[in-house]
Amino acid sequence: LWSEDPEKWLNQYLLIGSVIEPRIILHLENSPLRLQKAAAILLAKMGTHKSLPILEKLNTSSDDEFKILVERAIEGIKAR
């Protein structure tokens with residue numbers, strides 16, 4: 001459901017918590033940019049150190065908006 005309308009499901013996924021993090025990480029690697037952006041937003045709010053390697057890898061994206069979202073996710077995770 002999340003992959004069909006990630007904006008709609010954001011709050012529900014936040015309530016579930018970090019147990020869904022591995023699934024979200026998969027979307028960072030193998031999904032269209034829209035889902036990658038939504039995944040980065042979600043990880044900024046609930047991600048753990050497990051997400052840092054892929055986020056740091058994607059921090060060199062050519063899409064400026066996605067790069068900012070990734071940077072915010074990294075900062076959010078490190079701040080927790």
Side-chain angles (χ1 to χ4, degrees):
L1 295 172
W2 181 82
S3 62
E4 293 176 20
D5 193 354
E7 295 81 12
K8 178 180 177 181
W9 290 94
L10 175 67
N11 288 330
Q12 286 81 358
Y13 271 52
L14 287 173
L15 291 174
I16 294 171
S18 63
V19 69
I20 53 117
E21 185 176 21
R23 188 96 170 127
I24 299 304
I25 291 171
L26 290 176
H27 284 289
L28 278 174
E29 296 181 290
N30 304 314
S31 295
L33 187 58
R34 175 178 175 244
L35 292 179
Q36 288 179 321
K37 289 178 180 181
I41 291 168
L42 189 55
L43 290 172
K45 297 178 183 216
M46 52 69 70
T48 69
H49 69 281
K50 295 175 189 175
S51 297
L52 288 176
I54 185 63
L55 288 168
E56 289 170 350
K57 179 181 171 185
L58 295 171
N59 200 20
T60 60
S61 173
S62 60
D63 183 279
D64 291 336
E65 181 183 6
F66 181 57
K67 188 173 180 179
I68 290 169
L69 292 172
V70 167
E71 289 171 358
R72 288 180 182 164
I74 291 169
E75 290 170 7
I77 291 168
K78 288 183 175 179
R80 282 192 273 288

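Below, all heavy atoms of this structure are taken into account, side chains as well, without hydrogens, waters or symmetry copies. Residues: numbered from 1 along the sequence shown. Since we're looking at a predicted model, the values are computed, not measured.
Residues Ser51 and Leu43 share a closest heavy-atom pair of OG-CD2, 3.4 Å. Closest heavy-atom contact between Pro6 and Ala38: CB-CB, 3.5 Å.
Criterion: ILVMFWY side-chain heavy atoms under 4.5 Å apart, direct or through other members. Under it, Ile16 and Trp9 are part of a common hydrophobic cluster.
In this structure, CG on Leu15 lies 9.5 Å from CG on Leu10, to the nearest 0.5 angstrom. To the nearest 0.5 Å, the span separating CG on Asp63 from CG on Leu33 amounts to 4.5 Å. Note that CD1 of Ile41 and CG of Leu14 are 10.5 Å apart. Values are rounded to the nearest 0.5 Å. To the nearest 0.5 Å, atoms CG (Asp5) and CZ (Arg34) are separated by 6.0 Å. Considering CG of Leu42 and CD1 of Ile20, their distance stands at 4.5 Å, rounded to 0.5 Å.
Gln36 places no side-chain N or O within 3.5 Å of a backbone atom of Phe66 that could act as its donor or acceptor partner. In this structure, Arg80 contributes its side chain and Gly47 its backbone to a donor-acceptor pair below 3.5 Å.
Two residues are said to be in side-chain contact when any heavy atoms from C-beta on lie closer than 4.5 Å; Ser3 and His27 meet this criterion. In this structure, the side chains of Asn59 and Leu55 stay at 4.5 Å or more apart for every pair of heavy atoms. Inter-residue side-chain proximity for Ser61 and Val70 is flagged as unmet; no heavy-atom pair is nearer than 4.5 Å.
Not a single salt bridge (charged side-chain N to carboxylate O under 4.0 Å, His left out) links Lys8 to another residue, sequence neighbours left out. Under the rule for a salt bridge (charged side-chain N to carboxylate O under 4.0 Å, His left out), the partners of Glu65 that lie at least two apart in sequence or sit in another chain are Lys37.
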